[in-house]
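Have a look at the structure below, then the notes.
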Amino acid sequence: MRKVTSLGEANDSAVAVVPETYRAAVIGTGFMGRTHTHAVRATGGTVVGVAGSSADKAASFGAAHGIGRTHADPLELIRRDDVDVVHVCTPNHLHAPLSLAALEAGKHVVCEKPLATDSSLARELVTAAHEGDRVAVVPFVYRFHPMAREARARVAAGSVGRLTLAHGGYLQDWLLPPEEDNWRVDPALGGPTRAFGDIGSHWCDMLEFVTGDRITGVSAQTSRISETRGAESRPVDTEDLVAFQFTTAGGMVGTSVISQVSPGRKNRLVLEGSGTEGSLVFDQERAETLWAGGRERTGVISRDDPGLSPDAARLVKVPVGHPQGYQDCFNALVTDTGAAVAGRAPEGLPVFTDGLRTAVLAEAVLESARARGWVDVPRVEEP
């Protein structure tokens with residue numbers, strides 16, 4: 001297992017102990033750092049410290065969120081004895097080295113996706129988590145919408161019959177103006193894929209989670225709306241758009257469209273699956289309901305349905321009419337992470353193997369787009 005060198009030496013002698021509490025270190029002071037901080041506290045945990053890209057950013061974040069301990073060096077925070085779980089919420093190129101450092105220090109890890117900017121690094125992290133017997137989670141949080149769980153339960157129960165078709169996509173518009181720029185655009189920081197790696201990975205995880213099936217082949221196209229970005233017209237190498245066909249091990253065919261430049265679309269993740277007996281549609285922007293269709297009738301299932309599956313019902317936290325959303329999904333993910341740390345592994349928790357799975361898919365999508373043809377997706381086995 002490769003050691004961390006660019007960030008200093010990790011503590012190889014750390015003793016791994018399952019904590020009685022959820023004491024978190026948050027690394028990263030942006031939107032995701034705020035989201036993780038809130039989720040840890042909302043579920044009864046403690047944020048014992050935060051690390052940022054500079055001492056000033058860490059101190060500012062700490063002051064804004066009532067965190068007394070701040071660090072400019074994330075390894076100082078990772079190595080603390082009062083840290084049980086490290087939440088990695090940094091730019092993508094730091095995900096693998098920081099997660100590896102945390103695992104080597106005997107900590108559990110929640111690492112933002114993508115788990116790594118290439119599949120070999122992601123595979124190394126899966127191995128390290130397995131060998132260290134650590135809980136290692138990737139926040140594919142849309143799994144934690146109750147109606148996404150209901151869709152999964154209905155597919156597993158056979159209510160739609162044999163799945164034959166899946167389609168949908170994930171559309172945003174935040175990078176529409178060419179003058180808009182972000183670290184994710186830079187391959188050195190975000191990795192070789194942007195739209196697919198950032199949001200296409202969520203869609204593919206939802207597809208495979210809900211259907212229980214695996215994508216085995218892809219035929220993809222990628223595109224950019226502008227060859228430069230930002231006030232300085234910096235050249236762009238990563239994609240704004242991805243459209244791909246796919247096949248699955250279970251015999252489904254399907255299509256998906258991924259975009260960060262679709263005007264008016266803020267966060268539209270939609271998945272529709274059709275089977276021999278019925279269809280289901282989950283729309284993340286209308287996550288309170290699940291559409292169910294058949295030859296004889298169609299209907300809308302809400303999360304107060306008396307026949308809701310146990311896995312969906314356990315995620316319902318407030319009465320219908322009081323919407324649950326994105327932050328609630330994060331809170332549920334941290335709750336289940338804490339349960340796993342305590343030895344009560346909940347069903348459906350997205351782990352590093354799922355992060356490896358999407359890294360392998362991303363590479364297949366890019367290879368297909370370059371070759372302008374079908375590419376097989378390698379299998380990912382549990383360690």
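Residue pairs meeting the salt bridge (charged side-chain N to carboxylate O under 4.0 Å, His left out) criterion with at least one partner in residues 48-63, sequence neighbours excluded, do not occur; the list is empty. Among residue pairs with one or both ends in residues 28-38, none qualify as salt bridge (charged side-chain N to carboxylate O under 4.0 Å, His left out); sequence neighbours excluded. Here salt bridge (charged side-chain N to carboxylate O under 4.0 Å, His left out) pairs that include residues 356-374, with residues two or more places apart or in two chains, are Glu208-Arg357.
Val50 places none of its side-chain heavy atoms less than 4.5 Å from the side chain of Thr37. Looking at heavy atoms from C-beta onward, Thr216 lies out of side-chain contact with Phe246 at the 4.5 angstrom threshold. By the 4.5 Å heavy-atom criterion applied to side chains, Met252 and Asp213 are counted as neighbours. Counting heavy atoms from C-beta outward, Pro350 and Leu333 have side chains that approach closer than 4.5 Å. Thr353 is listed as a side-chain neighbour of Val380, based on a closest heavy-atom distance under 4.5 Å. At a threshold of 4.5 Å between non-hydrogen side-chain atoms, the residues Ser201 and Tyr170 do not count as touching. Between Val210 and Leu271 there is a side-chain heavy-atom pair separated by less than 4.5 Å.
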Could you walk me through whether Thr46 and Thr21 pass side-chain contact (heavy atoms from CB on, under 4.5 Å), step by step?
CA-CA 8 Å; Thr46 302; Thr21 56; over 6 Å; no

Full working for salt bridge (charged side-chain N to carboxylate O under 4.0 Å, His left out) between Asp336 and Arg344
CA-CA 9 Å; Asp336 280 9; Arg344 303 184 303 274; over 6 Å; no

List the steps, then state whether side-chain contact (heavy atoms from CB on, under 4.5 Å) holds for Thr211 with Thr248.
CA-CA 10 Å; Thr211 66; Thr248 71; over 6 Å; no

May I have the step-by-step check of side-chain contact (heavy atoms from CB on, under 4.5 Å) for Arg194 and Val236, ending in yes or no?
CA-CA 11 Å; Arg194 176 175 22 105; Val236 176; 3.8 Å; yes

Using side-chain contact (heavy atoms from CB on, under 4.5 Å), reason through Val138 and Phe352 one step at a time and then give a plain yes or no.
CA-CA 6 Å; Val138 179; Phe352 274 16; 3.7 Å; yes

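Heavy atoms from other residues, nucleotides or ligands lying under 6.0 Å from CD of Glu232 number 12 at most. More than 12 non-hydrogen atoms from other residues, nucleotides or ligands lie less than 6.0 angstrom from CZ of Arg184.
In this structure a side-chain-to-backbone donor-acceptor pair under 3.5 Å is missing from Ser99 to Ala96. Lys107 contributes no side-chain N or O that, together with a main-chain N or O of Glu104, makes up a donor-acceptor pair within less than 3.5 Å. Side chain of Arg229 to backbone of Pro177: a donor-acceptor contact under 3.5 angstrom is found. Here the side chain of Thr164 pairs a donor or acceptor atom with the backbone of Ser274 at under 3.5 angstrom. In terms of modelled atom types and a separation under 3.5 Å, the side chain of Glu239 and the main chain of Ala195 share a donor-acceptor contact. Remark: side-chain polar atoms of Arg224 are paired, donor with acceptor, to backbone N or O of Asp237 under 3.5 angstrom. When atom types are taken as modelled, the side chain of Lys113 and the backbone of Gly355 share no donor-acceptor pair closer than 3.5 angstrom. Side-chain atoms of Ser368 do not come within 3.5 Å of backbone N or O of Ala364 as any donor-acceptor pair. Between the His108 side chain and the Val135 main chain, a donor and an acceptor come within less than 3.5 Å of each other. At least one donor-acceptor pair closer than 3.5 Å links the side chain of Thr127 to the backbone N or O of Arg123.
There is a side-chain donor-acceptor pair under 3.5 Å between Asp304 and Ser302.
Atom CG of Leu356 and atom CD of Glu381 lie 10.5 Å apart (nearest 0.5 Å). Expressed to the nearest 0.5 Å, how far CG of Asn267 lies from CD of Gln284 amounts to 5.0 Å. Within the model, atoms CG of Leu366 and OG1 of Thr193 stand 5.0 Å from one another, a figure rounded to the nearest 0.5 Å. The CZ atom of Phe209 sits 15.0 Å away from atom SG of Cys204, with the distance rounded to the nearest 0.5 Å. Atom-to-atom distance recorded for Asp283:CG and Glu272:CD is 11.0 Å, nearest 0.5 angstrom. Atom CG in Leu189 sits 10.5 Å away from atom OG1 in Thr238 (nearest 0.5 Å).
Note on ring orientation: taking the six-membered ring where Trp is involved, the planes of Tyr326 and Tyr142 are tilted (angle from 30° to 60°).
Cation-pi geometry between Arg149 and Phe144 is met: under 6.0 angstrom from the ring centre, within 45 degrees of the axis.
If you run side-chain contact (heavy atoms from CB on, under 4.5 Å) between Glu288 and each of Met147, His145, Gln324, only Gln324 comes through. In summary, of the residues considered (Arg268, Arg265, Lys266), a salt bridge (Lys or Arg N to Asp or Glu O under 4.0 Å) with Asp173 occurs for Lys266 alone. Partner of His95 under the side-chain contact (heavy atoms from CB on, under 4.5 Å) criterion, chosen from Ile27, Thr90, Val109: Thr90.
Ionic pairing of Arg152 and Glu150 is not present here: no N-O contact between side-chain nitrogen and carboxylate oxygen is shorter than 4.0 angstrom. Under a 4.0 Å N-O distance rule, the pair Asp181/Arg234 qualifies as a salt bridge. Checked for salt-bridge contact, Arg23 and Asp84 meet the test: a charged N lies under 4.0 Å from a carboxylate O. Ionic pairing of Asp205 and Arg143 is present here: one or more N-O contacts between side-chain nitrogen and carboxylate oxygen are shorter than 4.0 angstrom.
The side-chain contact (heavy atoms from CB on, under 4.5 Å) check on Pro178 picks up Ser226, with sequence neighbours excluded. Take Asp186 and apply the salt bridge (charged side-chain N to carboxylate O under 4.0 Å, His left out) test, not counting sequence neighbours, and it matches no residue.
Val257 and Ile215 end up in different hydrophobic clusters when Ile, Leu, Val, Met, Phe, Trp and Tyr side chains are linked at under 4.5 Å. One hydrophobic cluster, built from ILVMFWY side chains closer than 4.5 Å, holds both Val83 and Val88. Linking ILVMFWY side-chain heavy atoms closer than 4.5 Å, directly or via other members, places Val48 and Val26 in a single hydrophobic cluster. Hydrophobic clustering keeps Leu269 apart from Leu175 (ILVMFWY residues linked when any side-chain heavy atoms are closer than 4.5 Å, directly or through intermediates). Linking Ile, Leu, Val, Met, Phe, Trp and Tyr whenever their side-chain heavy atoms come within less than 4.5 Å leaves Leu171 and Ile199 in two separate clusters.
Of all the heavy atoms in Cys111 and Pro139, the pair that sits closest is O-CD, 2.9 Å. The minimum heavy-atom distance linking Gly169 with Trp203 is given by the pair N-NE1, 3.2 Å.
The distance between the ring centers of His36 and Phe330 falls below 6.0 angstrom.
Residue Trp291 is found in a hydrophobic cluster whose other members, listed by chain and number, are Val270, Val281, Val300; membership requires side-chain heavy atoms under 4.5 Å apart, directly or through intermediates.
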